[in-house]
A.B. asks: 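Got a structure for you, written out below as structure tokens; questions coming shortly.
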Number of protein chains: 2
Amino acid sequence: MTTGPQPDIAPDTPLSKERLRLWLKLLKASSLLEDEVRRRLRAEYSGTLPRFDVMSALSRVPEGLKMSEISKMLRVSNGNVTVVVDKLAQDGLAQRVAVPGDRRANLVQLTAKGQATFAEHAAAHEAWIDDLLGGLNADDIEGMILRLDRLAETLEERDI
Amino acid sequence: MTTGPQPDIAPDTPLSKERLRLWLKLLKASSLLEDEVRRRLRAEYSGTLPRFDVMSALSRVPEGLKMSEISKMLRVSNGNVTVVVDKLAQDGLAQRVAVPGDRRANLVQLTAKGQATFAEHAAAHEAWIDDLLGGLNADDIEGMILRLDRLAETLEERDI
DNA sequence: TGTTTTTATTTCAAGCTTGAATAATTGAAG
DNA sequence: CTTCAATTATTCAAGCTTGAAATAAAAACA
């Protein structure tokens, strides 16, 4: 192959500049994808991402989750969980049940309707992601997962 | 080498599962980083990310940007830009100036105070990112940038 | 010219999100 | 047992965000 002019990579660029470039690209890509998922969820199911996220968490634990557990899992505030669960409950997708022995807490469970709705949304979601990330081959995917794992590890060590 | 006849409709291949895994990790990493940047901006400068983003866009164009240009650059709604610029103007960080020959549009510019404030925030921001992404070496960074570029390319082709 | 269409921006209602303040309950210490 | 601290959840004000509707001005066109 030819040894034409190299486009992008400046060899003397400090590493911190490259880290910043990476961050901007990472943020842009995930924002684009997230917005698109949000758009499709809204257009095709009149749903929202926060509700999908809460239902997703609940779907993995049939016995239910406490509000505070949802809050920790999704890394959102308690007040936020209250609002989203209120909406899910209004729509008959989730319900609060008492925790025996602790009158402060509630367990939140998906209703049967909630389970069915989530199953439908989750299947569509998986297909959308497959579609949107279709431009990446197996090598790209594994390469990114590897590095994202490394990044996540260093962030977790620092409680971020 | 196949595992037999596959139904046409369900592309539930191993690769699609890997794409979903990647998406969840990508979203988690960028959310963690974004939340942390947001937290520091708030804690150290009483600032917010949307204002930082708008100031960042404005800082690159001293002659100013129209509201709609900001909206397109940041991929946020017009109404959103109005609110954020209002706040920046209230704080004396940005100003609207008339566009000669077009009474519909405004040019938004950073004030001197806005320029100084943004320079300070941007320097801190770059240091934060360098800190937060410190766990990635040059190879990791270039590897991710390469793949994120590839992803961005396929998304752009589809106007996402 | 006058009419229609496009462009630029603002306003609005609704929803998401946070951190702080509040209230209720549980657990621990004395 | 009583007091004090920690846990759980809700409420609240403030800000971000969107898409749709409204307003105004410019551009295209007949």
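Convention: sequence-line order gives letters A, B, ...; per-chain numbering from 1. Keep in mind that this is a model prediction, so the values were computed, not measured.
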A.B. asks: Go through the structure and list residues passing salt bridge (Lys or Arg N to Asp or Glu O under 4.0 Å) with B:K25, not counting sequence neighbours.
C.D. replies: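 Testing B:K25 for salt bridge (Lys or Arg N to Asp or Glu O under 4.0 Å), a comparison that skips the adjacent residues, returns A:D149.
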A.B. asks: Please encode protein proximity along nucleotides 2-16 of chain C as a string of B, S and -, counting only heavy-atom distances under 4.0 Å.
C.D. replies: -----BSBBB----S
A.B. asks: Mind checking what makes side chain to side chain contact (heavy atoms under 4.5 Å, CB included) contact with B:L27, not counting sequence neighbours?
C.D. replies: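 B:L27: side chain to side chain contact (heavy atoms under 4.5 Å, CB included) contacts with A:E34, B:W23, B:S31.
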A.B. asks: Report the distance from atom CG of A:L41 to atom P of D:dG19, rounded to the nearest whole Å.
C.D. replies: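 Going from A:L41 (CG) to D:dG19 (P), I get 14 Å.
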A.B. asks: Give the rounded distance in Å between these two atoms: CZ of A:R103 and P of C:dG27.
C.D. replies: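 From A:R103 CZ to C:dG27 P: 11 Å.
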A.B. asks: Rounded to the Å, how far apart are A:R42 CZ and D:dT17 P?
C.D. replies: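 Those two atoms, CZ and P, are 16 Å apart.
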A.B. asks: Base, sugar-phosphate alone, or nothing: which one does A:R39 contact when heavy atoms must sit under 4.0 Å apart?
C.D. replies: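 It contacts nothing in the nucleic acid.
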A.B. asks: Is a donor from one side chain sitting under 3.5 angstrom from an acceptor on the other, for A:T154 and A:R150?
C.D. replies: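 Distance-only check fails for A:T154 and A:R150.
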A.B. asks: Who passes salt bridge (Lys or Arg N to Asp or Glu O under 4.0 Å) against B:D130, sequence neighbours left out?
C.D. replies: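 Partners of B:D130 under the salt bridge (Lys or Arg N to Asp or Glu O under 4.0 Å) test: A:R19.
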A.B. asks: Which residues pass the side chain to side chain contact (heavy atoms under 4.5 Å, CB included) test with B:Q95, not counting sequence neighbours?
C.D. replies: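 For B:Q95 the side chain to side chain contact (heavy atoms under 4.5 Å, CB included) partners, ignoring immediate neighbours, are B:V97, B:Q109, B:T111.
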A.B. asks: Report the residues that fulfil side chain to side chain contact (heavy atoms under 4.5 Å, CB included) with A:S77, sequence neighbours left out, ordered by chain and then residue number.
C.D. replies: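 Checked A:S77 against side chain to side chain contact (heavy atoms under 4.5 Å, CB included); matches are A:N80.
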